[in-house]
Number of protein chains: 2
Amino acid sequence: MSNKDTPARRRLDVESRREHLLQVGCELFAAQPYGDVWIDEVATRAGVSRGLLYHHFGNKRDFLVTVVEHEAARLREATAVGQDLPYKERLLTILDAYLAHVETRPHGYRALYRGAPSSDAGVRAIMEKNQAYQEERILEALSRDGREAPPLLRLAVRGWLAFLVSVCLHWLDNPALPRQAVRDLCARQLGSAILSTGHRLPDGVRVTVRYEDVPGQAAS
Amino acid sequence: MSNKDTPARRRLDVESRREHLLQVGCELFAAQPYGDVWIDEVATRAGVSRGLLYHHFGNKRDFLVTVVEHEAARLREATAVGQDLPYKERLLTILDAYLAHVETRPHGYRALYRGAPSSDAGVRAIMEKNQAYQEERILEALSRDGREAPPLLRLAVRGWLAFLVSVCLHWLDNPALPRQAVRDLCARQLGSAILSTGHRLPDGVRVTVRYEDVPGQAAS
């Protein structure tokens, strides 16, 4: 392969070169299905040789696994905030951090939740670990006395996490929606999910949902 | 391949044999990642020759696409109910039909939402069509006057559909949870999602969600 028309090779130290390669991988895996991403294209875009890419990451599948693991770790780090706050503030702080991360790393978020083939056992294991982390963190915040969460509460929280991911992916495709509105929607849905299971929020906040008939608003 | 120890070959007419092959495919795609499913195993389990399977469906990937399309269609058919009911009864009727379908076709539902590799463009197209159908059906039911749904409402409904799928998959893994509780959780979450966007339900039902401080329940 000729390197004549590739970007000028940059001298970076090992860590930042690695980071750069992962970033290029993110962008490609975020933009197209796994099957359409070619290692040659990653190498060309990153301005390195194919051999160097294989040296760092092994084959394409291993490269994807590394990209996904890296993005999952970054998401966890970005949202490890608000530990000492009471429940409601903590939830809003974490959600703000989560949405800010989605906004600043759109390719990473898409690669993590849209690009990764669910049919790969290695990728699936990373996604499950990632989900378990998010789930436990929420259930821990909701627990008053360290007791095991009831199955219906766990179900509700897991469902809400899927809601959050779907909303964020759709939001990235429709960035005109204000972050505040997206955050409020997500926060209310979590509150409602918890309440639906009969669980009471830990810091003295009660959520009530009422369906009431409104006179004069008959069925259309 | 010897057929000595395969199940006795059955004489079925073309349609019911096809249905049987799709059912066997469902079970295998539901139970393991796509990469671990072998056409030989499908043929052996179904008691037919490999050649017949290829004759009906082409290669493994085309077989999966047919399985996914078939399950998506069955889910749509099973939930095409309650068209003439007012909004709230309609929602509950559709949700009941949806959950009953999940319960009676667990392999089909898992194959559709867990087995299908998101990295395949053909599979992705089917899933998107399926999601668009569900989304439009809900938005149509919510619309009073045929106007385009506001972007935030569409976001909320899309997120709720992801919630529903996640909850159903988790429910299949934990069947001890009563269907009624799962249905109520899903119904409340949709009501709350719609309300969060400021949209009013069409048939004179208003949903209110309130967060209130409860005296004597201080933060832990």
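Quick caveat: nothing in here was measured; it's all calculated off a predicted structure. Chain naming here is simple, since letters A, B, ... match the order of the sequence lines and numbering starts at 1 in each.
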For this session: Please round to the nearest 0.5 Å and tell me the distance separating atom CZ of A:Arg188 and atom CG of B:Leu195.
Result: 7.0 Å

Problem set entry | Minimum-distance pair of heavy atoms, taken over all atoms of B:Gly159 and A:Phe163 | C-CD1, 3.1 Å

Problem set entry | Separation of B:Ile194 CD1 from A:Leu185 CG (nearest 0.5 Å) | 11.0 Å

Exercise. So, for B:Arg114 and A:Arg124, which heavy atoms are closest and what is the spacing to 0.1 Å?
Worked result: O-NH2, 3.4 Å

For this session: Assess whether side chain to side chain contact (heavy atoms under 4.5 Å, CB included) is satisfied between A:Leu155 and B:Leu177, documenting all intermediate values.
Result: CA-CA 9 Å; A:Leu155 181 81; B:Leu177 290 162; 4.0 Å; yes

Exercise. Can you tell me if CG on A:Asp84 sees more than 12 non-hydrogen neighbours from other groups inside 6.0 Å?
Worked result: no

Exercise. Mind checking what makes salt bridge (charged side-chain N to carboxylate O under 4.0 Å, His left out) contact with B:Arg76, not counting sequence neighbours?
Worked result: none

Problem set entry | Choice from A:Cys186, A:Ser166, A:Pro151 maximising heavy atom contacts with chain B below 4.5 Å | A:Ser166

Exercise. What's the shortest heavy-atom distance between B:Ala193 and A:Gln189, and which atoms?
Worked result: N-OE1, 3.0 Å

Exercise. When rounded to the nearest 0.5 angstrom, what is the spacing between CZ in B:Arg158 and CG in A:Leu169?
Worked result: 10.0 Å

